[in-house]
Amino acid sequence: MEWPIFQMPYLGNRLLIAIIGVIHVCISHGMAVGGSFFVVLLHYRALRDNNKRLGDVAFRILKIFFIITTSAGALTGVGIWFVTATVSPASIGSLLYVFFWAWFAEWIVFVTEVILILLYFLGWRKYGMKTGFRFGVAYVVVSWLTMMIITGILGAKLTPGNWLETHSFWAGFFNPSYLPQLLTRTSIAALLSVAFSLFIVRFLKSYQDQWENVWRLAGKSFLIVSPVYLFAILSYYNVLPQEISHLLGTALMTLKYSNYAYLSKIFFFVIVLFLIVSGIILVLKKKDYRFIAFVPL
């Protein structure tokens, strides 16, 4: 079948997909998958310490995440389907054909995820913190399952592995980059969720008495997740095809250089910076947060 050719003026097709994709991934990873992780973590700490005000902070973060994920996140998700199907219908058609049942399962899990975030957010006040926490835990698990399924499908386009010879569903789904990419996505989602949550908490001035609890929990999360992210991202780049490695320089806007050692230094520096900031957050006293918040209290 002959498909009509689409060309986005000025931006170009690839940049159009990149813009929509980056926005969607930041929202879906940082506010849906990772956001559920950090909100539930705050929720658990509030229950453990019987700290209702910390629970209120968690609820306010959840409220913002809920609004953004169910509006901008949903729109950009549909936008990715629309743009990619317009730009490269044959490619999207092949993904649907090869991984039909994976897509089918992913859409069921996604609907379940939407139901759970509705129950978590709307039921928090109605059913109480303890009952709401159960919905939150279920939401964390289901949102991560969505990522787990979608990673196998998208990874097959990058590293098809044995699928080229066997055309086996499982060979394509559990491709060479599946585990490294899944671990990378999971860890970056956790890091993004902490960053977004800290940004939101900074504007909750009526809860300044809880800032110390949030900052310390954020610091501990950074300290735990950052080394995992370093291991994951380096493992991911180790399994990339050689053809892709030549394009990394362009992706990082270095144009000419795509040296693996150079990239490793960049990521190592970022992770070390995360660890240093996390350490500072952990050792600072409450009155010293003025130094790290940048905006005068």
Side-chain angles (χ1 to χ4, degrees), residues 26-70 73 113-114 116-144 146-147 186-226 228-229 274-275 277-286 288-289 292-293 295 297:
C26 285
I27 294 174
S28 64
H29 284 45
M31 297 186 182
V33 181
S36 63
F37 150 76
F38 193 68
V39 169
V40 170
L41 197 59
L42 283 174
H43 195 166
Y44 169 77
R45 180 62 63 87
L47 286 173
R48 192 194 69 175
D49 300 340
N50 195 24
N51 188 341
K52 187 178 182 303
R53 284 184 61 79
L54 183 60
D56 291 340
V57 172
F59 179 78
R60 286 173 177 265
I61 297 173
L62 174 63
K63 181 178 181 179
I64 295 175
F65 284 175
F66 171 77
I67 293 172
I68 295 177
T69 54
T70 54
E113 178 187 355
V114 173
L116 284 173
I117 192 175
L118 285 169
L119 290 172
Y120 188 33
F121 173 69
L122 300 176
W124 186 309
R125 299 297 189 191
K126 184 175 181 179
Y127 301 113
M129 286 181 61
K130 289 186 178 180
T131 305
F133 179 73
R134 297 189 183 98
F135 288 129
V137 173
Y139 174 49
V140 171
V141 174
V142 173
S143 62
W144 185 81
T146 305
M147 176 185 287
T186 302
S187 54
I188 195 62
L191 293 175
L192 282 174
S193 71
V194 173
F196 290 153
S197 298
L198 291 180
F199 179 78
I200 295 170
V201 168
R202 182 61 189 81
F203 294 95
L204 302 179
K205 294 189 176 181
S206 58
Y207 291 92
Q208 289 188 27
D209 58 309
Q210 298 302 317
W211 283 8
E212 181 176 3
N213 293 327
V214 177
W215 278 96
R216 288 184 178 275
L217 191 60
K220 291 176 182 178
S221 300
F222 266 122
L223 285 171
I224 294 172
V225 177
S226 295
V228 178
Y229 174 66
F274 279 151
L275 293 173
V277 173
S278 304
I280 293 174
I281 292 172
L282 286 172
V283 299
L284 286 179
K285 297 180 180 179
K286 182 178 178 180
D288 296 324
Y289 291 160
I292 202 168
V295 181
L297 302 177

Y207 atom OH, neighbour heavy-atom count above 12 within 6.0 Å: yes

Under the side chain to side chain donor-acceptor pair (under 3.5 Å) test, residues paired with S187 that sit two or more places apart: none

Side chain to side chain donor-acceptor pair (under 3.5 Å) partners for Y120, two or more places apart: H43

Approximate separation, where rounding is to 0.5 Å, of Q208 CD and Q210 CD: 11.5 Å

Contact check, side chains of V201 and V57, non-hydrogen atoms, under 4.5 Å: yes

Check: V114 and T70 side chains under 4.5 Å, non-hydrogen atoms: no

Smallest separation among heavy atoms of L41 and S221, with atom names: CD2-OG, 3.7 Å

Pairs where residues 50-65 contributes a residue and the test salt bridge (charged side-chain N to carboxylate O under 4.0 Å, His left out) is met, not counting sequence neighbours: K52-D56, R53-D209, D56-R125

Those residues that, when tested against S28, pass side chain to side chain donor-acceptor pair (under 3.5 Å) (two or more places apart): none

Pairing residues for T69 by the side-chain contact (heavy atoms from CB on, under 4.5 Å) criterion, not counting sequence neighbours: I27, M31, A32, I117

Closest non-hydrogen atom pair, S193 against F37: OG-CD2, 3.8 Å

Test item: F65 and F196 side chains (from C-beta on) under 4.5 Å apart, heavy atoms: yes

Gap between atom CG of L118 and atom OH of Y139 - 0.5 Å precision: 9.5 Å

Closest heavy-atom pair and its distance - L116, A138: CD1-O, 3.6 Å

Any side-chain heavy-atom pair of M147 and T186 under 4.5 Å: yes

CZ on R45 to CG on L217, rounded to 0.5 Å: 5.0 Å

Residue pair L62 / F121: nearest heavy atoms and the distance that separates them: CD2-CA, 3.9 Å

Pairwise distance CZ(F222) to CG(L198) - rounded to 0.5 angstrom: 6.5 Å

Closest approach of G30 to L192 (non-hydrogen atoms, all atoms of both residues): CA-CB, 3.6 Å

Atom pair CD/CH2 of E113 and W144 - distance to nearest 0.5 Å: 13.5 Å

Side chain proximity check, V39 to F59, heavy atoms < 4.5 angstrom: no

Sequence-distant partners of S143, side chain to side chain donor-acceptor pair (under 3.5 Å), two or more places apart: S36

Minimum side-chain heavy-atom gap L54-V214 below 4.5 Å: yes

